[in-house]
Amino acid sequence: MTKASRSKTAPAKGDEEGTRARILNVALQEFSRLGLSGARIDTIAAESGLNKAMIYYHFGSKEELYVAALKESYHRFREIEGAVEVDGTLAPEQALRKLVSASFDFHAAHPEFVRMVMGENINQGEYISKIPELRAINHSAIALLEQVCQRGIAAGVFRADVDPVDLHMSISALSFYNVSNRHTFSFIFGRDLGAADVHAARRASVVDTILRAVRAA
């Protein structure tokens, strides 16, 4: 798209950030369902109530929109984690319980995040490598866990060799599986992983598993 054509599609007034957010909300759903190759800009335009020119004005291309949606999916996850209050007024075990519960609930409430991550791994990380700032964005999760772990180690309730990155991986894996395998697991074992009572029981089990893994002997 040329600079001239971009200038013609540029909104004279209005909330550009709001428009971008509308596009990203729809794009996240479309890309998470159909992937980069299957998603259609026409569909994203129609569902966001905008025209294709407006989408290209804000994001340049379908690939750039996908990269922006991928970045946004991680950013939203990190925002939820950052909102969990785990300061020194909360005992280390209780702080870790809150973090694990928040992660588990976020995955369940946002299957589009799980599908985006799954799709990017199918692509062998081709597009996430275009978002180098994601390393800094995701470092906040490790820093938060490290803070909780250090307090737990100092209090003698957590093992001295707890690795925050490894712990983050375990929390993510247990939270992720409940969504990524929801349909197959529910069919094979006759247990609806999307049901509120099953979700609550599974969350409690995951929290207990993580706490058992880090407790000092």
Side-chain angles (χ1 to χ4, degrees), residues 1-85 99 101-141 144 172 175-176 178-180 182-183 193-194 196 199:
M1 182 174 289
T2 65
K3 290 184 178 179
S5 62
R6 283 193 178 217
S7 65
K8 291 178 182 179
T9 60
K13 296 179 180 180
D15 182 2
E16 292 201 13
E17 289 303 313
T19 300
R20 284 179 62 88
R22 281 168 59 191
I23 296 170
L24 280 175
N25 283 334
V26 174
L28 259 173
Q29 298 299 328
E30 182 72 2
F31 286 128
S32 71
R33 287 194 302 264
L34 301 171
L36 175 58
S37 60
R40 294 289 177 264
I41 292 294
D42 286 317
T43 303
I44 295 171
E47 292 188 8
S48 60
L50 300 167
N51 56 47
K52 290 169 64 175
M54 184 64 73
I55 292 175
Y56 287 125
Y57 166 75
H58 282 286
F59 294 97
S61 68
K62 180 182 177 182
E63 182 176 294
E64 288 176 89
L65 177 56
Y66 171 81
V67 171
L70 182 63
K71 178 182 177 181
E72 178 67 11
S73 68
Y74 275 95
H75 182 69
R76 292 180 181 183
F77 188 15
R78 297 286 87 91
E79 278 190 328
I80 293 295
E81 285 183 329
V84 180
E85 295 185 6
L99 284 173
S101 294
S103 177
F104 190 84
D105 286 344
F106 179 90
H107 282 80
H110 296 278
E112 75 280 359
F113 170 72
V114 174
R115 292 193 295 263
M116 289 292 285
V117 173
M118 290 172 67
E120 187 57 17
N121 277 285
I122 289 172
N123 291 329
Q124 299 182 41
E126 177 181 357
Y127 296 96
I128 200 170
S129 63
K130 300 178 186 295
I131 320 172
E133 62 267 35
L134 268 189
R135 288 179 172 169
I137 291 172
N138 284 278
H139 178 73
S140 63
L144 194 59
S172 296
S175 300
F176 198 94
N178 206 59
V179 180
S180 66
R182 175 180 296 170
H183 300 292
L193 298 185
H199 172 86

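All values below were derived from every heavy atom in this structure, side-chain atoms included, with hydrogens, water molecules and symmetry-related copies excluded. Counting from 1, the numbers follow the sequence of the chain as shown.
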Visitor: To the nearest 0.5 Å, how far apart are NE2 in H107 and CZ in R182?
Guide: 11.5 Å

Visitor: Verify the neighbour count for atom CD of E133: are there more than 12 heavy atoms of other residues, nucleotides or ligands below 6.0 Å?
Guide: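 Yes, because the 6.0 Å sphere around CD of E133 holds more than 12 heavy atoms from other groups.
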
Visitor: Using a 4.5 Å cut-off on heavy atoms from C-beta on, say whether the side chain of T43 contacts that of L34.
Guide: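 SC-SC contact between L34 and T43 ruled out.
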
Visitor: Let me confirm one number: the CG-CD1 distance from L36 to I122, rounded to the nearest 0.5 Å.
Guide: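 Here the interatomic distance stands at 12.5 Å.
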
Visitor: Any side-chain heavy atom of I55 sitting closer than 4.5 Å to one from K52?
Guide: no

Visitor: Could you tell me whether a side-chain N or O of K71 sits under 3.5 Å from a main-chain N or O of L134, the two making a donor and an acceptor?
Guide: no

Visitor: Is it true that R76 and E72 make a salt bridge, defined as a side-chain N closer than 4.0 Å to a carboxylate O?
Guide: yes

Visitor: Start with the C-alpha gap between F77 and S103, add the side-chain angles, then the distance that decides, and say whether side chain to side chain contact (heavy atoms under 4.5 Å, CB included) holds.
Guide: CA-CA 8 Å; F77 188 15; S103 177; 3.6 Å; yes

Visitor: In Å, rounded to the nearest 0.5 Å, how long is the span from OG of S32 to CZ of R115?
Guide: 4.0 Å

Visitor: I need the single residue from V26, L24, N25 that forms a side-chain contact (heavy atoms from CB on, under 4.5 Å) with I44. Which is it?
Guide: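 With I44 as partner, V26, L24, N25 yield a single side-chain contact (heavy atoms from CB on, under 4.5 Å), made by V26.
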
Visitor: When you compare the side chain of M118 with that of F176, does any pair of heavy atoms fall below 4.5 Å?
Guide: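 A side-chain contact under 4.5 Å exists here.
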
Visitor: Quick one: pull up CE in M116 and CD in Q29 and give me the separation to the nearest 0.5 Å.
Guide: 10.0 Å

Visitor: For the residue pair H58 and I23, what are the closest heavy atoms and their distance?
Guide: CD2-CD1, 4.1 Å

Visitor: Between atom CG of L144 and atom NE2 of H139, what is the distance when rounded to the nearest 0.5 Å?
Guide: 11.0 Å

Visitor: Can you confirm whether Y127 sits close enough to E63 that some side-chain heavy atom of one is under 4.5 Å from a side-chain heavy atom of the other?
Guide: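 The answer is yes, as the side chains (C-beta and beyond) meet within the 4.5 Å cut-off.
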
Visitor: With side chain to side chain contact (heavy atoms under 4.5 Å, CB included) as the criterion, how do E112 and R33 come out once you've worked through the C-alpha distance, each side chain's angles and the decisive distance to 0.1 Å?
Guide: CA-CA 8 Å; E112 75 280 359; R33 287 194 302 264; over 6 Å; no

Visitor: Where do S140 and R78 come nearest, in terms of heavy atoms and distance?
Guide: OG-CD, 3.7 Å

Visitor: Quick one, F59 and R20 - any side-chain contact, counting heavy atoms below 4.5 Å?
Guide: yes

Visitor: Side chains of L70 and F31: does their closest heavy-atom pair fall under 4.5 Å?
Guide: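 L70 does not reach F31 side chain to side chain.
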
Visitor: Just by modelled atom types, is the E126 backbone N or O under 3.5 Å from a matching donor or acceptor in the E120 side chain?
Guide: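 Yes.
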
Visitor: Kindly compute the distance separating OH (Y66) from CG (L28), expressed to the nearest 0.5 Å.
Guide: 10.0 Å

Visitor: Output yes when a side-chain donor or acceptor of S48 lies under 3.5 Å from a complementary backbone atom of A45, and no otherwise.
Guide: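 Side chain of S48 to backbone of A45, a donor-acceptor pair under 3.5 Å: yes, one is there.
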
Visitor: Report yes if some heavy atom in the side chain of V117 is under 4.5 Å from a heavy atom in the side chain of Y74; otherwise report no.
Guide: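 Yes, close enough: below the 4.5 Å cut-off.
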
Visitor: Kindly indicate whether the side chain of Y57, heavy atoms from C-beta on, has any atom under 4.5 Å from the side chain of L50.
Guide: no

